[in-house]
Number of protein chains: 2
Amino acid sequence: MTTVTTRGISILLVDDHPVVRQGYRRVLEHQDDFRVVAEADNAANAYRAFKSHEPDVVVMDISMPGASGLEAIRNIRARDADARILVFSMHSEAAQVKAAFGAGASGFVTKGSEPAELIAAIRSVARGEHAMSDDVARVLALESLVPTRSALDQLGEREIEILRQFAAGSTKEQIAANLNLSTKTVQNYHYLIKAKTGMRTDAQLVRLAVECGLANL
Amino acid sequence: MTTVTTRGISILLVDDHPVVRQGYRRVLEHQDDFRVVAEADNAANAYRAFKSHEPDVVVMDISMPGASGLEAIRNIRARDADARILVFSMHSEAAQVKAAFGAGASGFVTKGSEPAELIAAIRSVARGEHAMSDDVARVLALESLVPTRSALDQLGEREIEILRQFAAGSTKEQIAANLNLSTKTVQNYHYLIKAKTGMRTDAQLVRLAVECGLANL
DNA sequence: AGTTTGGTCGGGCAAATTTCCCGACCTGCA
DNA sequence: TGCAGGTCGGGAAATTTGCCCGACCAAACT
């Protein structure tokens, strides 16, 4: 019976809020071609659950402690480049949407959307398409009108400069000395920058900076 | 030739061994167009001394604790891209020579060389040329005969793989999981790799990996 | 004027990581 | 047969991170 039978869509639900998971599990299972095969309440469990269940679609809330939602997306995509991940978020800031897609998400739906939108989006990403709810599309469209060169737009003057020097290879102490700041402040910026850009590793940060032309190789 | 020799060549001497500094200061000051304007016994002091004295040439031993010699070179070159730094080392391994030039050194002389070689090298780098002692040249020439693609040659199989994944943005935990190692071992490798390549910062490591084609951006 | 907003700057502190050193186990090679 | 070197991880002190907080200041509102 384990053969490719019912042509259904297997789903992994990731959200740190049990009640929310329950609610949406109910909604999703109302569709008779949907099967919620697993749930997870954090990034690590999401990764594990993905490995053991290999669902067709991962529906994931990324606003979990530690910006770990983005991390989870990257982890999963690193393991399986074909993984379909649909982000299901409370917010729809352009930066977060971009970060999600940048991390490898296939879709982005806000929690304010109609269930029908979520369901349609799941079917879309299951087919390998990209999907996003109307409000997200509107925000992104608006964003694309204003001059935006990258995910670094969300960073302030100081943050950019610190990222630049950091990516260039400078130590935090050196940066602090160059900018006449305390090492602590530079550390705080470093943390802030990672949080804002959704990068989890220093290496990712450097790559981002290089990609955005902030640092020349 | 209308050379600028009115002021002679000002020199900053960097070595963690006071006796060695004293000895070479004496040798160098025997040349009446040489002026040793400052000394330093570690990387941090070298950087400070360079900033306050802006010498024509920095003569530096790079075998100081923490591989900080290379760091000092990078720091100084970051501050002043025209800085002339002559490395004066005990060893002449190809890897170290390459690391030094890679960091921005203009010359490399071993401590086993004749004083005349050091003096000639100082004049060379002061003129903006590159210089190295005969033994160093021989080692490098030999190295250039065998297929060598980069500073990564000194790394073993495992180290390369770990560096690759690290530069790709993976967490140490992920790398450990991927390679079936303990996190501790990956941390140790990470440390080892930085030590071997002379990179002080994760960012520098990433740049190195990208430059060497280990990681595609 | 008064207030909200947002960038800049740093303290605090538990938890995690780095740094460096060490021993053990293989394998190849002299 | 011995030893050099790559691989793997423990240990422990020092440092850094992650996350939270308050303070200052300037610009943009109301």
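Order of the sequence lines sets the chain letters (A, B, ...), proteins ahead of strands, with each chain counted from 1.
With rounding to the nearest 0.5 Å, the separation of CD1 in A/I160 from CG in A/L163 is 6.5 Å. To the nearest 0.5 Å, the span separating CG on B/D202 from CD on A/Q204 amounts to 12.0 Å. Of the inter-residue distances, the one linking A/S106 atom OG with A/L86 atom CG reads 8.0 Å to the nearest 0.5 angstrom.
Salt bridge present: A/E161 and A/R164 bring a charged side-chain N and a carboxylate O closer than 4.0 Å. With salt bridges taken as basic N to acidic carboxylate O contacts below 4.0 Å, one links B/E39 and B/R25.
Between B/T185 and D/dG9 there is a side-chain N or O to OP1 or OP2 distance below 4.0 Å. For C/dC9, neither phosphate oxygen OP1 nor OP2 lies less than 4.0 angstrom from any side-chain nitrogen or oxygen of A/S182. Put simply, A/K172 has no side-chain N or O that comes within less than 4.0 Å of OP1 or OP2 on D/dT15. Residue A/K184 places no side-chain N or O under 4.0 Å from the OP1 or OP2 atom of D/dT16. When the side-chain nitrogen and oxygen atoms of A/Y191 are compared with OP1 and OP2 of D/dT17, none of them lie within a distance under 4.0 Å.
Heavy atoms only, all atoms of each residue included: A/I9 and A/A126 are closest at CD1-CB, 3.7 Å.
Rounding to whole angstrom units, CD of residue B/Q187 and C1' of C/dC20 are separated by 13 Å. Atom-to-atom, CG of A/L192 to P of D/dC20 comes out at 12 Å; the value is rounded to the nearest Å. The separation between A/D202 atom CG and C/dT18 atom P is 9 Å, rounded to whole Å. Atom pair A/K194:NZ and C/dT17:P shows a separation of 11 Å (rounding to whole Å applied). Between the C1' atom of D/dC24 and the CZ atom of A/R158 lies a distance of 15 Å, rounded to the nearest Å. Distance NZ (A/K196) to P (D/dC19): 16 Å, rounded to an integer number of Å. Summarising the geometry, the separation between NE2 on A/H190 and C1' on D/dC19 is reported as 14 Å, rounded to the nearest angstrom. Atom OH of B/Y189 is separated from atom P of D/dG6 by 10 Å (rounded to the nearest Å).
When heavy atoms are screened at a 4.0 angstrom cut-off, B/E161 is found touching no nucleic acid atom at all.
Checking C/dT8, D/dT7, C/dT18 against the side-chain heavy atoms of B/E157 singles out D/dT7 as nearest. Proximity note for B/E159 (side chain, C-beta onward) versus D/dT17, C/dC20, D/dT7: the nearest is D/dT7.
The ring of A/Y24 has its center closer than 6.0 angstrom to the ring center of A/F88.
Overall bending of the helix from C/dA1-D/dT30 to C/dC29-D/dG2, expressed as the angle between end axes built from five pairs apiece, is 40° (10° steps).
For B/N188 against C/dC20, a side-chain-to-base donor-acceptor contact under 3.5 Å is present.
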